There are 2 protein chains.
Amino acid sequence: MKTTAAARQFPCEKCPLQDFSHFQRHEKDEVSFLSSFKMGELVADTGTTVLVEGANSAHLFTVLSGWGFRYKTLDDGRRQILNYVLPGDLIGLQGSVMKKMQHSIEALSPMILCMFQRDNLANLFRNFPALGYDITWLASREEQMLDEILLSVGRRTALERAAYLFAFIFQRAQSVGMVKSGKLTVPVTQQHVADTLGLSIVHTNKTLKKLASRGALRWLDRGCEVLDEQILMDISGWQGLPATPRPYI
Amino acid sequence: MKTTAAARQFPCEKCPLQDFSHFQRHEKDEVSFLSSFKMGELVADTGTTVLVEGANSAHLFTVLSGWGFRYKTLDDGRRQILNYVLPGDLIGLQGSVMKKMQHSIEALSPMILCMFQRDNLANLFRNFPALGYDITWLASREEQMLDEILLSVGRRTALERAAYLFAFIFQRAQSVGMVKSGKLTVPVTQQHVADTLGLSIVHTNKTLKKLASRGALRWLDRGCEVLDEQILMDISGWQGLPATPRPYI
DNA sequence: CGGGTTGTTGACGAATTTCAATCCGGGTGG
DNA sequence: CCACCCGGATTGAAATTCGTCAACAACCCG
């Protein structure tokens, strides 16, 4: 349960994200600006709360590696997972733009985050409008993902919902090279899945069992192995993510 | 079911939105830029689809007056209303930033929209970074609203959910001067409410009846009259919206 | 060897959907 | 003016989904 600010292991010039064709390239001068915008790196262990709802000290982060999730809770403890966080995702923008964070983020695996000083955000918009546009792009993409998730939670059946969730995660993970030989292990518990789908843990267990019996996935010690994306897409009726390259900061 | 592009009735210098203290002021040069960015006004009747999922011709709009809603549907027709659209809201950003619109928007009342040319968006970011930042702010605010709605649909009971919905709409409407003498009429059918809450129409009817019996609201011919915001907040356990002024374009 | 976390299962009851009628007001054609 | 139609609101009853409770198994960790 510790987070540590480490020395800079990944200079922007060698940002590990640039290895994926999924991401758009930066111009030379953008890279050098980002390098100065970057304060350092944050290494977070599994279970660490990277950003807390209500805090206003938040920085801005880009995920370099690892899994996390974004969530909100009600006063009596009921929790809703809003979305998952994967490499390339920008987090903490709400804290930079509003006064306080309105949600929390927790690590599902060891994570490495690139940390930015939010004070300099206005600076970024002033001197690198294309990067400002990229941030808007990313915010818009997050909104689009939320739209789909809300559609799913509001209108799909439990089985469709679960199938959609793993198909969605699979595609996102695939685009950042986390899928090896057609398979992917998602480091979540069934409680996480339940809190994502808006279901109880018991019902989630029974629903996952159905997906497993159809060969779509397999439950492991610690996490879920996605075996057959196509079955998941068939069950959920989901069309899949557009394949356009996307920016990152 | 018609939309018409009318002559310019509201020059930016006299934008009706600036009458509300809820909105941040623009600088002089920003106003004149926005005036050139603006293409015209769109008047949409009740029931008109202002933006359609899948279309890529979308412009960017700011709502000047009226009510609308944003929604997505599944192939078999199940519909989820994602959020409501009120004066000051920016819509169509996804269409500008991604290739295609991923959701539709329909008018719940006659609407007047301020229409922008999306080609010029890069221009805006280049020449008026503060406005670019404002757009990011608005995108972030939309995300924040979606987070709360998703929390509600995923984790609140039917009664809490309905109470939250109307408390939320009430506060948003209040900040743009739509609440007269403590009361507000929301121009929706129970089908709209059902599609917002992720419930069937029958159950929605029974849930609304409960709220009505507690004096929180009253159902009219064509819409819902919110009578007591406090009861709604008590039932839902919702804390309310932060009161910070916000930008608009 | 406990103790804690996570996954599994069956039984029961509560929440919610579906089906099927009915009602009501407004608009339309005769 | 009246019969009819239509969208929206209501209601009761049966069927399904889903949540809660409770118990237990498997596993990891100190």
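Sequence lines set the chain letters: A, B, ... in the order given, protein chains first and strands last, and positions in each chain run from 1. Quick caveat: nothing in here was measured; it's all calculated off a predicted structure.
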Would you tabulate the pairs of protein nitrogen or oxygen atoms and nucleotide nitrogen or oxygen atoms of nucleotides 3-10 of chain C closer than 3.5 angstrom?
from	atom 1	to	atom 2	distance (Å)
C/dG7	OP1	A/Trp219	NE1	2.9
C/dG7	OP2	A/Gln190	N	3.0
C/dT8	OP2	A/Gln190	NE2	2.9
C/dT8	OP2	A/Asn205	ND2	3.0
C/dT9	OP2	A/Lys209	NZ	3.4

Checklist entry - Quick one: do B/Arg172 and B/Asp89 make a salt bridge, cutoff under 4.0 Å? => result yes
Checklist outcome for this item: Result for side-chain contact (heavy atoms from CB on, under 4.5 Å) between A/Gln144 and one of B/Met101, B/Glu143, B/His103, B/Met98 points to B/Met98
Item to check | Any donor-acceptor N or O pair under 3.5 Å, side chains A/Asp147, B/Gln102 | outcome: no
Checklist outcome for this item: For A/Thr196 and A/Tyr84 the tightest heavy-atom approach is OG1-OH, 2.6 Å
Item to check | Rounded distance (nearest 0.5 Å) linking atom CG of B/Leu232 with atom CG of B/Leu159 | outcome: 9.5 Å
Checklist entry - Considering the terminal five base pairs at each end of the helix from C/dC1-D/dG30 to C/dG30-D/dC1, what angle separates the two local helix axes, rounded to 10°? => result 30°
Polar pairs (N or O, both sides) under 3.5 Å between protein and nucleotides 15-18 of chain D?
from	atom 1	to	atom 2	distance (Å)
D/dC18	OP2	A/His203	NE2	2.9
D/dC18	O5'	A/His203	NE2	3.4

Distance-only check: which donor-acceptor pairs under 3.5 Å involve side-chain atoms of residues 182-189 of chain B, not counting sequence neighbours?
from	atom 1	to	atom 2	distance (Å)
B/Thr189	OG1	B/Gln191	N	3.3
B/Thr189	OG1	B/His192	N	3.3
B/Thr189	OG1	B/His192	ND1	3.1

Checklist entry - Tell me the ring-ring contact (aromatic ring centres under 6.0 Å, His included) pairs involving residues 157-188 of chain A, sequence neighbours left out? => result A/Tyr164-A/Phe168, A/Tyr164-A/Trp238
Item to check | Any A/Asp195 side-chain heavy atom under 4.5 Å of A/Phe69 side chain | outcome: no
Item to check | Whether B/Arg155 side chain and A/Arg78 backbone form a donor-acceptor pair below 3.5 Å | outcome: no
Donor-acceptor pairs under 3.5 Å, side chain of residues 203-212 of chain B to any protein atom, not counting sequence neighbours: which ones?
from	atom 1	to	atom 2	distance (Å)
B/Thr204	OG1	B/Ser200	O	2.7
B/Asn205	ND2	B/Gln190	OE1	2.8
B/Thr207	OG1	B/His203	O	2.8

